[in-house]
Amino acid sequence: MVKITGRKFVGRENVYDIGVEGDHNFVIKNGLIASNCFNKSHSTAYGYVTYQTAYLKANYPLEYMAALLTANSGDTDKVQKYINNCSNMGITIDAPDINRSGLDFTPIDGKILLFGFTAVRNVGQNAIACILSARDEGGDFKSLADFCDRVDLRAINRRTVESLIQCGAFDKIQPNRHQLICDLELVYDWAQSRAKDRAIGQGNLFDYLGTSNNTSKQTGNNSFETVPKAEPVADLMPQEKLRMEKELLGFYVSDHPLKSLKPAASLLTPINLSQFKEQTKDTKVCAVVMLNNVKKVMTKKGDQMAILQIEDLTGQSEAVVFAKTYERISEQLEVDARLIVWGKVDRRDDQNQLIVEDIEKVEQVQMVMVELNPQQVSDIQTMHNLRTILQEHSGDKERAKTPVVGIIQSETSRELVRFGWQYCVQDSRGTVQALQNARFSAHLKSLTGS
């Protein structure tokens, strides 16, 4: 056993394994030098695990991502990042399915990952065990009535079933979620009544007669021909469905309010929220985001400011709106609004935060589109005239927020290039008119219609 007699800096020594230079060597018995670093066996183990995970991701991507999402299911930021990775890998993420989902993320058909029941709020372990047991015993559920009749309603309350409907778990049976929610009021009571009759050994008289005006007839294949139903209603709006999914699963699953804006967002904002931590202090940034929450805060001076929770397709972040900015933009801070946010990076407690300088609702954002051919792009005088017009119409730099995008069109290609933010303009219509007067082909285009 070697006894460490003391520790002091003895100068630089050669290190022949994985280590670091500098004050990381120490003297041991008889003046020998030991290197304070990870030994080779430790680094070999890390390398071996890295190789294993890389192999699994390359050869079993669906199973690998299912395991990765399940292992990190408690970390919202990581799950959202991995869901975005799945999209880039061509893997579809589906909402929970009452007839296919298991406990956790489940690979299906070689290209789909299903959310598990544990991801759904208001669905406990007893309820999940009950659903899986009933499904294993009697096969797939054919309808909402079939489901309520076969599961143990002592373990699955009305709120649990409603949550499963709202997150899309019954969509393969009945895609009209609003209709199912309305039907649930009648079906659940009907199923409870049947359960009570079975508990005391008394079958429903109408089951034996085979028909009923207000109850159901159960056939041999466990399907239901008639059930108590509410009046037909129109389905929920897509935005409402997405809101419910986000509330119950923590994520938008069937769609995302920003997905249709992805091409335009990548052009206008090359940095997404998942890359935000890598930016240096005072870096100017712009992001297309969803506003998830607004927390109002009173300053010591009695002024109001706000802390925002924002997200894009890659992750979530916190943003700060100081008092002067809040006074100007507070009316636009509506939860679930799609926004384009301008700001700068600040560093606090070793963490990056976004200081908001301005925002605008996505639906109101317009872009000045300038069509150019390769000859114009390579002509110095033409490009000088273009820059001059844009600079003349930039107006107040603090309010010049309309981006300018060049469309470079040749016989074989078409490329979009965003001009630097210093070329943003304030008077968009005046800019287009000036460009047209100078013989440029220019027009306005909304961000949502791009």
Side-chain angles (χ1 to χ4, degrees), residues 18 38 40-121 123-125 127-129 131-132 135-136 140 163-164 167-169 171-172 242 245-260 262-263 265-266 270-278 290 311-317:
I18 299 176
F38 285 127
K40 291 181 178 179
S41 63
H42 190 94
S43 58
T44 300
Y46 268 116
Y48 185 57
V49 171
T50 300
Y51 178 84
Q52 287 180 314
T53 54
Y55 177 86
L56 291 172
K57 185 175 182 180
N59 294 278
Y60 302 94
L62 198 68
E63 292 77 6
Y64 176 82
M65 294 308 296
L68 191 63
L69 285 163
T70 297
N72 293 277
S73 58
D75 190 324
T76 302
D77 285 343
K78 285 187 177 180
V79 171
Q80 187 158 0
K81 181 175 71 174
Y82 296 148
I83 287 176
N84 185 60
N85 288 346
C86 286
S87 177
N88 295 334
M89 294 166 64
I91 298 173
T92 302
I93 303 290
D94 273 4
D97 188 324
I98 202 67
N99 284 324
R100 297 189 297 167
S101 288
L103 276 171
D104 299 310
F105 284 88
T106 307
I108 299 289
D109 300 332
K111 58 183 178 181
I112 297 173
L113 280 183
L114 277 176
F115 264 85
F117 290 127
T118 52
V120 187
R121 292 192 178 120
V123 181
Q125 293 296 325
I128 295 171
I131 293 170
L132 297 179
R135 196 173 73 191
D136 290 341
D140 288 354
S163 296
L164 289 168
C167 76
D171 279 6
K172 294 291 191 298
L242 290 177
E245 286 180 9
K246 179 70 182 294
E247 181 180 330
L248 293 166
L249 299 175
F251 312 93
Y252 299 106
V253 180
S254 61
D255 200 357
H256 195 288
L258 298 179
K259 188 175 290 185
S260 62
K262 187 175 181 179
S266 61
I271 296 173
N272 54 49
L273 293 185
S274 67
Q275 301 167 318
F276 179 65
K277 297 176 183 178
E278 305 167 7
M290 286 288 296
E311 76 165 78
D312 64 6
L313 293 170
T314 66
Q316 301 183 13
S317 184

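Scored by the side chain to side chain donor-acceptor pair (under 3.5 Å) test, Thr70 finds no partners at all (sequence neighbours excluded). Scored by the side-chain contact (heavy atoms from CB on, under 4.5 Å) test, Ile108 finds Arg100, Thr106, Ile112, Leu114 as partners (sequence neighbours excluded). Taking the side-chain contact (heavy atoms from CB on, under 4.5 Å) definition, one finds that Asn99 meets it with Asp97, Arg135, Asp140, Phe141, Ile173, sequence neighbours left out. In this view, Lys246 and Asn292, Glu311 satisfy the side chain to side chain donor-acceptor pair (under 3.5 Å) rule, not counting sequence neighbours. Checked against ring-ring contact (aromatic ring centres under 6.0 Å, His included), Tyr252 has the following partners two or more places apart in sequence or in another chain: His256. Listed by chain and number, the residues in a side-chain contact (heavy atoms from CB on, under 4.5 Å) with Glu247 are Arg243 (sequence neighbours excluded). Among residues two or more places apart in sequence or in another chain, the side chain to side chain donor-acceptor pair (under 3.5 Å) test is passed with Thr92 by none. Residues passing the ring-ring contact (aromatic ring centres under 6.0 Å, His included) test with Phe115 are Phe105, sequence neighbours excluded. Among residues two or more places apart in sequence or in another chain, the side chain to side chain donor-acceptor pair (under 3.5 Å) test is passed with Asp94 by none. Under the rule for a side-chain contact (heavy atoms from CB on, under 4.5 Å), the partners of Thr314 that lie at least two apart in sequence or sit in another chain are Asn84, Asn272, Leu273, Ser274, Asp312.
Note that CG of Leu164 and CD1 of Ile131 are 5.0 Å apart. Values are rounded to the nearest 0.5 Å. From Thr118, atom OG1 reaches atom CD1 of Ile128 across 5.5 Å, with rounding to the nearest 0.5 Å. With rounding to the nearest 0.5 angstrom, the CD atom of Gln80 is 8.0 Å from the CG atom of Leu313. The structure places CG of Leu103 at 6.0 Å from CD of Gln125, a figure rounded to the nearest 0.5 Å.
Of all the heavy atoms in Pro96 and Val120, the pair that sits closest is CG-CG2, 3.7 Å. Between Leu62 and Pro107, the shortest heavy-atom distance links the atoms CD2-CB, 3.5 Å. Annotation for Leu113 and Ala66: closest pair CD2-CB, 3.5 Å, computed over non-hydrogen atoms. In this structure, Leu242 and Ser254 approach most closely via the heavy-atom pair CD2-OG, 3.7 Å. Taking every heavy atom of both residues into account, Phe117 and Ser101 meet most closely at CE1-O, 3.4 Å. Nearest heavy-atom pair, Cys167 versus Leu248, reported as atom, atom and distance to 0.1 Å: N-CD1, 3.9 Å.
For residues 103-120, no pair satisfies salt bridge (charged side-chain N to carboxylate O under 4.0 Å, His left out), with sequence neighbours left out. Residue pairs satisfying the ring pair (Phe, Tyr, Trp, His ring centres under 6.0 Å) criterion with at least one member in residues 77-103, sequence neighbours excluded, are absent.
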| task | Any chance you could lay out the side-chain contact (heavy atoms from CB on, under 4.5 Å) test for Asn59 and Tyr64, step after step, and finish with the verdict? | result | CA-CA 9 Å; Asn59 294 278; Tyr64 176 82; over 6 Å; no

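In this structure, Cys86 and Leu69 have side chains that are in contact, with non-hydrogen atoms separated by less than 4.5 Å.
Side chain of Thr53 to main chain of Thr50: a donor-acceptor pair is present (N/O by atom type, distance under 3.5 Å, no hydrogens or angles).
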